[in-house]
Amino acid sequence: MPATGKYLRRKSTSRTRGFIAATTGGAALVLPLVCAGFASAAPAQAATAERATASAAATAKVISVQKAAPTIYSVIAGDTLSKIARGHSVSGGWQKLYADNRETIGADPARITPGMKLTIGAKAGSGASTGVSAVNDVAVSTSAKYTNDLDGWIKESLAVMAQHGIPGSYNGIHRNIMRESSGNPRAINNWDSNAAKGTPSKGLLQIIDPTFRAYHVPGTSMDSYDPVANITASCNYAADKYGSIDNVFGAY
């Protein structure tokens, strides 16, 4: 029988203590586990993001290399560097095409033969340009690209003329072309005295073949109908006879 004024203290059973630990200490026990879960998840997410970034960079590099890959072109009869460069929109025109294939073509850019293999675009084995050189290449390519029309032909001819010290201006060339052929690169005169001799005047500036061959400028086509070659040879002739194509205002 218990003593008066005293009460019995209930003993906590192991089950009760377990419950108390789970309820009062739950935060202390469970929270570290949850935090640990987040802590382990963060590096995993970071690693996944890093792998995705690396994969994207690798894909971009492959695409870049594919875009820079050169094209091998086989020369056919009637081809010229100017014609090939225009047909493939070569940045830098025939000069860039010749520079990339000088070892194959040789010292005379006008001498290309059927079957000759030319590299168009990035040079084989050169890899992609980087850094300052890449910026310079872009600047040169952008400034030296010519359109395949009368405006582009005149500008490309002026560039060739400048390299060879041949005088002439855009307006002087354009004025004479419009008088001689109305801008038709395939124009031919089959009725005048030259035609009667078997050497009709041809092309944009109506030059006869003997004169074209005599005043042909290296680096241009040997085809007198080729717009750039026709303009350049005609301006070379005019410079010799009249000082400049700018001084020509009639038949010459």
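The cluster map of Ile, Leu, Val, Met, Phe, Trp and Tyr, joined by side-chain heavy atoms under 4.5 Å apart, puts Phe249 and Ile173 in different clusters. Val90 and Val228 fall within a single hydrophobic cluster, where Ile, Leu, Val, Met, Phe, Trp and Tyr are joined by side-chain heavy atoms under 4.5 Å apart, directly or via other members. Transitive grouping of hydrophobic side chains (ILVMFWY, heavy atoms separated by less than 4.5 Å) keeps Tyr225 and Ile76 in distinct clusters. Under the 4.5 Å side-chain heavy-atom criterion for ILVMFWY residues, no single connected hydrophobic cluster contains both Met222 and Tyr237. Under the 4.5 Å side-chain heavy-atom criterion for grouping Ile, Leu, Val, Met, Phe, Trp and Tyr, Ile207 is not connected to Trp191 through any hydrophobic cluster.
At least one side-chain heavy atom of Pro218 sits under 4.5 Å from a side-chain heavy atom of His164. Counting heavy atoms from C-beta on, the side chains of Val75 and Thr113 never come closer than 4.5 Å. Looking at Asn194 and Pro200, their side chains never come closer than 4.5 Å, going by heavy atoms from C-beta outward. Residues Ile120 and Leu97 meet the side-chain proximity criterion, which asks for heavy atoms closer than 4.5 Å. Side-chain contact between Tyr146 and Trp153: absent, with no pair of heavy atoms (C-beta onward) separated by less than 4.5 Å.
Judged by distance alone, the side chain of Asn176 and the main-chain N or O of Ile245 form a donor-acceptor pair under 3.5 Å. Side chain of Asp149 to main chain of Gly152: a donor-acceptor pair is present (N/O by atom type, distance under 3.5 Å, no hydrogens or angles). Of the possible polar contacts, one joining the Thr220 side chain to the Val217 backbone as a donor-acceptor pair under 3.5 Å is found. The backbone N or O of Ser169 sits less than 3.5 Å from a side-chain atom of Asp246, completing a donor-acceptor pair. For the pair Gln206 (side chain) and Ala187 (backbone), a donor-acceptor distance under 3.5 Å is present. One N or O on the side chain of Arg175 and one on the backbone of Val248 form a donor-acceptor pair closer than 3.5 Å. Using modelled atom types, no side-chain atom of Arg86 and backbone atom of Thr147 make a donor-acceptor pair closer than 3.5 Å. Side-chain atoms of His216 come within 3.5 Å of backbone N or O of Ser221 as a donor-acceptor pair. For Ser181 (side chain) and Ile177 (main-chain N/O), a donor-acceptor pair under 3.5 Å exists by modelled atom type. Using modelled atom types, no side-chain atom of Asn189 and backbone atom of Ser201 make a donor-acceptor pair closer than 3.5 Å.
To the nearest 0.5 angstrom, Asn101 atom CG is 4.5 Å from Leu118 atom CG. Note that the CH2 atom of Trp94 and the CD atom of Glu156 stand 8.0 Å from one another [nearest 0.5 Å]. Rounded to the nearest 0.5 Å, atoms CD1 (Ile208) and CZ (Arg213) are 9.0 Å apart. Separation of atoms CE (Met116) and CD1 (Ile84) is listed at 9.5 Å; rounding is to 0.5 Å. Going from atom OG1 of Thr211 over to atom CG of Asn236 covers 11.5 Å, rounded to the nearest 0.5 Å. Here Leu81 contributes atom CG and Ile112 contributes atom CD1; the two are 4.5 Å apart, rounded to the nearest 0.5 Å.
When all heavy atoms are compared, the tightest approach of Ser224 to Lys202 is OG-CD, 3.6 Å. Here the closest non-hydrogen pair linking Leu205 and Tyr252 is O-OH, 2.6 Å. Minimum interatomic distance between Gly93 and Ala85 (heavy atoms only, all atoms of both residues): C-CB, 3.6 Å. What you find for Gly106 and Tyr98 is that their closest heavy atoms are O-OH, 2.7 Å. Between Pro227 and Pro185 the shortest heavy-atom distance is CG-CB, 4.0 Å. For the residue pair Gly183 and Met178, the shortest heavy atom distance occurs at N-SD, 4.1 Å.
A 6.0 Å sphere centred on CZ of Arg179 holds more than 12 heavy atoms belonging to other residues, nucleotides or ligands.
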Q | Test log, rule side chain to side chain contact (heavy atoms under 4.5 Å, CB included), inputs Leu204 and Glu180 | A | CA-CA 7 Å; Leu204 290 173; Glu180 294 292 333; over 6 Å; no
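Side chains of Asp240 and Tyr215: a donor-acceptor N/O pair is present below 3.5 angstrom, by distance only. Side-chain polar atoms of Thr199 and Asp209 form no donor-acceptor pair below 3.5 angstrom.
With salt bridges taken as basic N to acidic carboxylate O contacts below 4.0 Å, none links Lys83 and Asp226. Salt-bridge formation is not detected for the pair Lys197/Asp192: no Lys NZ or Arg NE/NH1/NH2 atom is positioned less than 4.0 Å from an Asp or Glu carboxylate oxygen.
Ring-plane geometry between Tyr170 and His174 is classed as parallel, the angle between the planes falling under 30 degrees on a 0 to 90 degree scale with a further cut at 60.
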